[in-house]
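To start, the structure under review is shown below, and the notes come after it.
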4 protein chains.
Amino acid sequence: MQVPDLKMSEKEKKILDAAIAVISEKGFSAASTSEIARQAGVAEGTIFRYFKTKKDILRGILIHLGNVIAEPLVVYGLKKILYQDGREDLRAGIKLVLKDRMAIIDAVFPMLRIVITEAMYHEDIRQILYDKIISRAVEVFEEYHLEMVEKGLMKKEIDAVVAGRSILANLVLFFVYRNLFGPMIQLDDYDRELDQVIDAIMHGIAIPAVGDKK
Amino acid sequence: MQVPDLKMSEKEKKILDAAIAVISEKGFSAASTSEIARQAGVAEGTIFRYFKTKKDILRGILIHLGNVIAEPLVVYGLKKILYQDGREDLRAGIKLVLKDRMAIIDAVFPMLRIVITEAMYHEDIRQILYDKIISRAVEVFEEYHLEMVEKGLMKKEIDAVVAGRSILANLVLFFVYRNLFGPMIQLDDYDRELDQVIDAIMHGIAIPAVGDKK
Amino acid sequence: MQVPDLKMSEKEKKILDAAIAVISEKGFSAASTSEIARQAGVAEGTIFRYFKTKKDILRGILIHLGNVIAEPLVVYGLKKILYQDGREDLRAGIKLVLKDRMAIIDAVFPMLRIVITEAMYHEDIRQILYDKIISRAVEVFEEYHLEMVEKGLMKKEIDAVVAGRSILANLVLFFVYRNLFGPMIQLDDYDRELDQVIDAIMHGIAIPAVGDKK
Amino acid sequence: MQVPDLKMSEKEKKILDAAIAVISEKGFSAASTSEIARQAGVAEGTIFRYFKTKKDILRGILIHLGNVIAEPLVVYGLKKILYQDGREDLRAGIKLVLKDRMAIIDAVFPMLRIVITEAMYHEDIRQILYDKIISRAVEVFEEYHLEMVEKGLMKKEIDAVVAGRSILANLVLFFVYRNLFGPMIQLDDYDRELDQVIDAIMHGIAIPAVGDKK
DNA sequence: TATGAATGAGAATTCATTCAT
DNA sequence: GATGAATGAATTCTCATTCAT
């Protein structure tokens with residue numbers, strides 16, 4: 001996926017695309033500006049017209065992820081479940097979003113890989129990640145959670161953050177496991193496994209004791 | 001936690017410990033052999049007596065994690081829930097392990113951070129990670145899952161891998177969220193939140209429709 | 001002080017002024033054409049319409065100093081002491097010139113700093129400096145010296161060059177010391193110190209032995 | 001002249017010598033570490049084992065000038081006039097020191113050129129220059145001046161700083177003029193000119209009015 | 001004529017690795 | 001075995017200069 005943007009020049013887009021590809025491939029420190037330049041088809045010096053330092057490229061990716069990707073993906077995606085489709089069924093909502101957004105998720109995966117890795121090491125990256133993406137997503141999900149609770153579809157005993165994290169956690173590990181360890185394991189049928197994952201999210205893995213409504 | 005070992009010289013241990021500390025702090029590429037040497041209190045050249053290249057240090061950490069750490073932590077730890085403590089209560093089991101192993105988890109966290117990061121980028125690291133740790137853990141959990149299913153405590157409709165991943169995913173994100181984004185958020189009470197997380201794992205976040213026993 | 005000129009376009013003047021400011025601040029090598037352009041309020045490319053290379057800017061400054069500044073400052077300034085004011089008193093002459101020309105000296109100081117610095121390293125700059133300024137000043141001072149000697153006010157045993165250099169040397173170090181090391185030292189009263197400097201120039205620092213009229 | 005030193009390795013000396021040569025030739029900014037390395041016969045990386053940054057090379061030169069050169073040259077040289085030789089004759093003292101130290105002065109000239117140039121642009125260099133050299137020289141000269149005044153050989157009306165500066169200024173310009181502009185001018189006989197310079201320093205360039213003892 | 005994006009050569013600096021001691 | 005000085009390739013970044021618009 002190329003990076004779409006509004007106020008971004010052709011060159012800047014090419015550089016950002018190349019940077020995402022190379023950094024996602026090798027990690028930030030191991031990626032060299034010379035390789036990014038080569039991949040982008042520009043001179044190395046050109047990179048530094050658009051990004052003052054190498055670290056600014058990383059920030060650029062983050063900002064981009066936040067502005068251009070996260071907004072439609074997270075906010076609009078979640079809102080779609082909530083308002084537009086008027087669904088009351090979480091399962092259908094998740095599947096709908098996943099199907100709908102699969103291409104985007106695949107495209108975003110390299111960016112996410114970069115951001116997650118670097119967030120582990122740098123407080124400032126974490127801050128941007130939080131401000132631009134996490135806090136926004138939490139916000140949207142809290143609203144969603146509230147409505148679902150009101151409709152009697154989600155447990156009010158579990159906070160929105162915990163609930164949202166459970167969805168995210170299960171889906172992320174589902175994808176990571178399949179994408180990174182796919183070659184090593186015998187993969188189950190995609191839809192069948194996804195159904196199980198959603199089951200786990202919605203109803204848990206334990207069999208409730210009789211009379212145990214929690 | 002220091003690295004204990006059998007067939008490892010005093011020097012090699014010191015180097016490995018230092019490497020774990022430094023690489024966990026900065027990431028593999030950004031960590032320099034000179035800093036590892038300084039931290040280990042040996043000469044830079046000495047490192048290359050024990051590890052032919054810098055990458056071999058990484059392999060050393062992995063091997064070490066696999067051989068020395070993973071076995072007691074994963075296998076023995078999981079088995080402890082399963083057999084030794086003879087628990088039938090997943091909630092109690094999880095809490096027990098978390099309490100019991102907290103110190104170990106803290107100690108292992110730097111290593112895990114390294115391995116997880118590098119596994120994202122290198123197939124070979126992933127392979128080692130899978131062979132040494134994941135496949136072993138899956139194995140043990142499958143056995144556990146089977147018993148739990150037989151005892152009517154876990155759903156047989158959800159595969160062991162999916163169930164185990166759900167536990168892992170929720171707990172990992174719980175810790176990551178608190179540890180990495182702690183400064184940015186208003187943290188809930190630890191025990192209260194953990195209880196919610198376990199609830200989510202065990203019984204899901206959705207309210208089952210009437211008559212919906214899934 | 002702005003650079004006045006005849007056959008110089010508005011733009012060229014602005015560039016030259018900016019170049020003098022920037023180069024005087026950082027030195028020639030450390031000054032970048034981009035900063036000069038920014039300071040001049042023109043595009044970087046524009047500079048190279050007026051000056052083929054960066055070094056040509058330096059030459060431009062020199063030429064300018066020679067043509068436009070040196071003539072009125074040096075020649076006219078010195079002649080003023082000599083002929084116009086008709087002074088026979090060196091002390092009064094020096095003080096008069098200093099007072100009179102202080103603003104000009106301040107304005108010229110940046111240019112001088114550039115030229116002096118570069119003259120230390122480049123023979124060709126030195127040649128221009130000599131041809132345009134030094135030789136002219138020596139010429140004028142020789143004439144002055146001759147008159148003073150004839151009037152019995154200056155020693156004929158000391159050549160004009162040595163005498164002129166003594167004036168220049170003492171005054172330059174007086175200014176340099178105060179301007180560059182001012183913050184580090186406890187400065188004497190300006191006028192009192194200047195009087196001492198002129199005393200030193202005129203009558204030396206030693207007490208003449210009895211009967212020693214030299 | 002090679003840089004002599006006590007606690008300096010062979011390599012460090014070679015690098016410092018090369019740095020002095022190259023920087024004195026081209027100026028600090030225009031001198032590249034690669035050329036210094038080539039001239040020193042070491043790898044470029046080696047330079048940075050001894051000097052953390054390029055600027056530290058400059059500081060190294062300064063420190064060196066201060067410790068190794070200035071001490072014997074300035075302090076010991078001045079003291080020689082003062083105490084050892086027991087001279088009461090400033091002229092003889094100056095000539096003695098100049099003769100004696102000529103080789104050193106020639107050797108020190110490149111270093112001085114560097115230091116003077118950079119001191120014009122950098123406050124921190126100025127500070128080191130002041131602390132290490134100027135303040136020491138002023139100190140020694142003040143003592144000398146005091147004794148000369150007591151002996152009736154120097155004027156008490158002219159402060160030590162002004163007097164010292166006059167000596168320095170005249171001698172420096174004498175050397176600079178000859179060394180830098182030598183090719184362009186018809187040089188006077190060295191000894192004859194030096195005598196005139198000393199005359200100017202000691203007794204000034206003006207003919208004292210009758211009864212004017214100042 | 002003026003612009004400023006693009007260039008690429010070259011700058012300072014780092015660092016894994018080697019090797020003589 | 002252990003050291004750490006030395007290396008030089010590679011890295012990030014700067015900047016004078018060019019050229020299409």
Side-chain angles (χ1 to χ4, degrees), chain A residues 9-12 14-15 28-38 40-57, chain B residues 9-12 14-15 28-38 40-57, chain C residues 9-12 14-15 28-38 40-57, chain D residues 9-12 14-15 28-38 40-57:
Chain A
S9 80
E10 195 61 31
K11 278 264 157 67
E12 192 171 358
K14 265 164 54 184
I15 292 171
F28 179 72
S29 288
S32 73
T33 50
S34 74
E35 189 172 350
I36 293 171
R38 201 177 331 119
V42 302
E44 199 168 358
T46 305
I47 288 182
F48 293 92
R49 290 191 63 74
Y50 293 93
F51 302 93
K52 260 169 75 70
T53 67
K54 191 189 172 193
K55 182 135 203 203
D56 279 324
I57 301 177
Chain B
S9 82
E10 194 61 33
K11 280 260 160 70
E12 194 170 354
K14 267 166 45 184
I15 292 170
F28 179 71
S29 286
S32 72
T33 51
S34 76
E35 189 172 352
I36 294 170
R38 202 180 326 122
V42 303
E44 205 170 350
T46 306
I47 287 181
F48 292 89
R49 298 214 141 264
Y50 292 93
F51 303 92
K52 249 176 82 66
T53 69
K54 191 189 173 193
K55 179 130 207 208
D56 282 322
I57 302 176
Chain C
S9 82
E10 195 61 31
K11 281 260 161 70
E12 194 170 355
K14 265 165 46 184
I15 293 170
F28 178 72
S29 287
S32 71
T33 50
S34 75
E35 190 173 352
I36 293 171
R38 201 180 327 122
V42 301
E44 205 170 350
T46 306
I47 287 182
F48 291 89
R49 299 213 141 266
Y50 293 94
F51 303 92
K52 249 176 82 67
T53 70
K54 190 187 173 194
K55 179 129 205 209
D56 282 322
I57 302 177
Chain D
S9 81
E10 195 62 31
K11 278 264 159 63
E12 193 171 357
K14 265 163 54 183
I15 293 170
F28 179 72
S29 288
S32 72
T33 51
S34 73
E35 189 173 352
I36 293 171
R38 202 179 329 122
V42 302
E44 200 168 357
T46 304
I47 287 181
F48 292 91
R49 290 192 63 74
Y50 292 93
F51 302 93
K52 260 169 75 70
T53 66
K54 191 188 172 194
K55 182 135 202 202
D56 279 324
I57 301 177

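Here is the naming used below: chain letters follow the sequence lines, and residue numbers restart at 1 for every chain. Remember, it's a predicted structure, so these values are computed and weren't measured experimentally. Worth knowing before you read on, the calculation uses all heavy atoms, side chains too, and leaves out hydrogens, waters and symmetry mates.
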Rounding to an integer number of Å, can you tell me how far [X] [atom1] sits from [N] [atom2]?
{"X": "A:Lys14", "N": "E:dA6", "atom1": "NZ", "atom2": "C1'", "result": "11 Å"}
{"X": "A:Ile15", "N": "E:dT7", "atom1": "CD1", "atom2": "C1'", "result": "12 Å"}
{"X": "B:Arg38", "N": "F:dG4", "atom1": "CZ", "atom2": "P", "result": "13 Å"}
{"X": "D:Ile47", "N": "F:dA9", "atom1": "CD1", "atom2": "P", "result": "16 Å"}
{"X": "B:Glu10", "N": "F:dG1", "atom1": "CD", "atom2": "P", "result": "15 Å"}

Quiz item: What is the per-nucleotide protein-contact pattern of nucleotides 14-21 of chain E, from the 5' end, where B denotes a base atom under 4.0 Å from a protein heavy atom, S denotes such proximity for sugar-phosphate atoms only, and - denotes neither?
Solution: B-BBB---
Self-check item: Flag, side chain of B:Lys54 to backbone of B:Ala31, donor-acceptor distance under 3.5 Å
Solution: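 The answer is yes, because a donor-acceptor pair under 3.5 Å joins these two groups.
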Quiz item: Under 4.0 Å between a side-chain N/O of B:Lys11 and OP1 or OP2 of F:dG1, yes or no?
Solution: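 Result: no.
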Quiz item: Closer than 4.0 Å, any side-chain N/O of C:Tyr50 to the OP1 or OP2 of E:dA2?
Solution: yes
Quiz prompt | Partner residues of D:Glu35 under the salt bridge (Lys or Arg N to Asp or Glu O under 4.0 Å) criterion, sequence neighbours left out | solution =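 With sequence neighbours excluded, D:Glu35 shows a salt bridge (Lys or Arg N to Asp or Glu O under 4.0 Å) to D:Lys26, given in chain and number order.
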Quiz item: Using Watson-Crick and G-U wobble pairs whose two distances are both under 3.5 Å, how do you write the pairing of DNA chain F as dot-bracket, with | for links to another strand?
Solution: .||||||||||||||||||||
Quiz prompt | Pairs touching residues 44-53 of chain C that satisfy salt bridge (Lys or Arg N to Asp or Glu O under 4.0 Å), sequence neighbours left out | solution = none
Self-check item: Partners meeting side-chain contact (heavy atoms from CB on, under 4.5 Å) with C:Phe51 (sequence neighbours left out)
Solution: C:Glu12, C:Ile15, C:Leu16, C:Asp56, C:Ile57
Exercise. Report the distance from atom NZ of C:Lys14 to atom OG1 of C:Thr46, rounding to the nearest 0.5 Å.
Key: 9.5 Å
Self-check item: For C:Ser29, side chain to side chain donor-acceptor pair (under 3.5 Å) partners two or more places apart
Solution: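 If we apply the side chain to side chain donor-acceptor pair (under 3.5 Å) test to C:Ser29, skipping adjacent residues, there are no hits.
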